[in-house]
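Structure first, then comments.
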Amino acid sequence: MSSLCLQRLQEERKKWRKDHPFGFWAKPTKNSDGSLNMQRWDAGIPGKENTIWGQGCFPITIEYPNDYPSKPPKVKFPAGFYHPNVYPSGTICLSILNESQDWRPAITLKQIVLGIQSLLENPNPNSPAQEPAWRAFSRNIKEYETKVLEQARKYPK
Amino acid sequence: MTKLDPFCCHSIGSNSELSYTDEDEFYEVIDIGKEQEEEEKEEEEEEEGEDDGDTDTEEFIFENSDSDSDTYSFESQFLNIKENVLKTSKNLSPKSSTSNKHSINDVKVDYDCLNTLQLYDMLIESKIRRLKPIFKISETRLLNLLAYFDWNEDRLIERYTENKEDTLSSCGINIFGSDNGNDIKNVIKLEAKKSYVCPICCEDNLEWVFYLKTCKHHACQECYQRYIKDEINKSKLVKCMNCDNTLNLNDLDLIMGDKDDGSRKLLEFSIRSFITKHSDQYKWCPFADCDQIIHVKDTCQLVEFPRYHISPYVKCNNDHNFCFQCGREKHAPADCRLANNWIKKADKESATLNWVFANTKECPRCSVNIEKNGGCNHMICGGCKYEFCWVCEQDWEPHKNSFFNCIKYEKGKVGNNVEDENSDSNKTKNGKLPKDFQKYKHYYRLFSEHEQSAKLDMKLYAQIEKKIQSMQETVGISWIEGQFLQESINNLINARTALKWSFALSYYSDQSHNLTKIFEDNQLLLASNIEELSQLFTEKDPRMLLEMKLKCLNKAQFVKARMEALIECGRELLSKGICS
């Protein structure tokens with residue numbers, strides 16, 4: 001791990017502990033020997049209140065590459081997550097997480113998790129990443145909402 | 001002339017008109033495209049008077065070459081031919097320009113050779129001057145725009161007139177801070193305060209900070225340099241680390257502290273994409289580690305080439321020859337289409353054959369592995385002293401007088417041979433290979449033989465300067481006198497390439513046609529002369545080399561003439577549709 005990557009991640013952690021949006025959580029994972037693995041984080045994204053996502057808090061994993069912050073981290077939901085912009089593997093399709101699109105080295109963890117939260121309730125039907133959720137979202141909104149509520153119950157707050 | 005002499009048709013061939021001397025006889029035997037050729041024929045008949053003289057000489061030569069190559073005094077006849085060629089071409093040249101409206105000699109390609117620096121100086125100069133009055137923004141901003149639009153100014157102007165603000169903001173150019181055509185620096189370099197922490201790397205105790213005036217974002221020098229180095233190789237614009245504000249070329253140079261790492265590099269990147277987008281006009285030299293660019297001034301010229309079954313060969317400043325159309329090495333007498341077919345076939349069928357032929361062969365007698373490290377096909381086994389021919393791996397004795405008749409595809413003889421070999425290397429389901437494959441294998445073998453030899457010739461070529469030097473030292477001749485070696489080896493290499501590609505042509509040709517036979521006889525003659533020439537180069541003693549000077553030059557000239565004849569004959573095969 002480069003020192004630049006580590007330095008920045010430690011600062012990110014410090015900032016997060018000092019101040020983070022309500023309902024969210026994020027922490028580095030632990031290696032088998034009990035030490036912290038700064039390049040791999042676990043986090044939870046709460047759905048916004050009064051939306052179909054509101055009942056759940058959805059787990060994500062954040063993997064920081066060695067050349068972070070030049071390159072964006074890879075953020076994943078659990079495989080098979082039901083959302084039009086989430087690939088079957090769980091990888092999130094979001095422009096600020098795309099190196100060739102809107103990723104900037106200055107983007108912080110807070111911006112990332114808030115971006116994902118707003119993606120949950122505002123899917124972008126123009127760049128679908130999986131078929132079932134996208135089809136239901138654009139053709140049968142009732143079915144979509146039922147599936148989302150069902151999923152939210154699976155990951156309660 | 002009563003019998004159909006295979007060589008009289010194309011033995012000189014430095015001028016296409018010369019080669020039609022005996023066209024009349026061909027029409028009796030060959031009966032295709034007669035009507036179309038009527039017109040040509042009439043023209044040729046007018047010229048026949050002048051051609052008579054050199055027909056005799058040609059005949060004379062071939063009688064000689066058939067009988068005994070050792071006693072064949074080549075030089076005097078060669079000079080004879082040369083005289084004739086000069087005489088006839090002089091007589092013909094004014095005529096041919098009037099009688100043929102579109103002679104093949106008119107098909108030319110005008111090009112120049114540039115490197116990236118020259119190319120973008122050219123682009124920048126012409127485009128900036130034209131666009132600056134329209135946009136009323138500074139040159140560096142204009143360069144941002146042009147780079148973003150891959151130097152396609154039409155598209156840029158179109159988009160700009162459609163929606164001015166959108167175009168500018170999509171390139172991250174802040175129109176509110178409009179510079180009215182003056183170069184304003186967007187980035188300021190500041191000394192860092194002690195308490196400053198860079199938002200990117202979270203380091204404190206820093207030396208320099210860069211601050212963007214338009215968006216008020218900032219980061220330390222180290223972060224910015226690292227970021228730009230990374231970004232410059234993948235995008236047309238470098239943006240602020242926090243938002244879409246674009247850094248202009250001056251900003252990059254200020255941050256990087258060096259033009260080569262900053263603006264030059266970014267421009268080079270966009271020039272590269274410019275070339276890929278304008279590949280009809282600009283092409284990189286395909287040779288390894290060569291950074292030259294060929295620019296064809298008028299692409300309309302290229303259209304004429306396929307009609308005549310020739311290719312637009314160009315040469316870069318590093319002396320690399322290649323075909324502008326397909327980007328391959330010189331592939332005459334084959335045209336681009338045929339060369340393409342051949343290469344595709346080779347890719348498909350001969351990945352394994354490549355290995356079978358490429359490197360070593362076993363001595364036919366004692367089975368020791370032999371690597372060929374010189375240009376000649378006359379092999380003497382180091383172990384058992386068996387003399388054999390590298391091509392057919394048979395006894396050398398029968399080759400002695402009628403040099404290299406093994407290059408001819410003789411169905412019965414070679415067919416059997418090939419089948420035997422195939423049984424252990426390339427078995428098909430029923431153990432037999434299709435006839436076409438055998439034929440292909442034969443020609444592919446010849447093709448790769450000469451490819452291999454060409455590589456060895458290139459090795460020789462690399463040593464030639466040394467040879468000339470040693471001649472200067474031991475024999476005491478001037479450098480310029482030694483240049484005959486250089487000249488001869490150039491001819492050898494060119495002829496070898498042409499011969500190589502002629503086998504591709506042979507494979508696709510109608511074997512039963514007379515012209516194909518003539519072509520193959522031409523091939524045979526060229527091949528034997530090439531081997532003789534390359535044999536001359538194996539001489540190591542500088543004194544002997546100098547003695548052979550005349551022989552070498554004559555041989556090289558003759559090889560060159562034969563090569564041109566072969567190419568012309570190949571072109572005829574293609575244009576008459578005998579080769580498909």
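Letters A, B, ... are given to chains in the order of the sequence lines, protein chains preceding strands, and every chain is numbered from 1. Computed from a predicted model, the values in this text were never measured in an experiment.
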Could you tell me which residues in residues 104-118 of chain A have at least one non-hydrogen atom under 4.5 Å from a non-hydrogen atom of chain B, sorted by residue number?
A/R104, A/P105, A/A106
Can you tell me if [X] has over 12 outside heavy atoms packed within less than 6.0 Å of its [atom1]?
X: A/K27; atom1: NZ; result: no
X: A/K15; atom1: NZ; result: yes
X: A/N50; atom1: CG; result: no
X: B/D289; atom1: CG; result: no
X: B/E222; atom1: CD; result: no

Using only non-hydrogen atoms and a strict under-4.5 angstrom cutoff, which residues of residues 153-162 of chain B touch chain A?
none
Whatever's closer than 4.5 Å to a heavy atom in chain B on A/K71 counts as side chain
Name the region of A/E12, side chain, backbone, both or neither, that has any atom closer than 4.5 Å to a heavy atom of chain B.
neither
Residues passing the salt bridge (charged side-chain N to carboxylate O under 4.0 Å, His left out) test with A/E150, sequence neighbours excluded, are none
I need the B/K229 NZ to A/S70 OG distance, nearest 0.5 Å.
11.5 Å
Cut-off 4.5 Å, heavy atoms of chain A, and the answer for B/N242 is both
Side chains of residues 188-209 of chain B: which donor-acceptor partners sit under 3.5 Å, not counting sequence neighbours?
unit_1 : atom_1 : unit_2 : atom_2 : d
B/Y196 : OH     : B/H218 : ND1    : 2.8

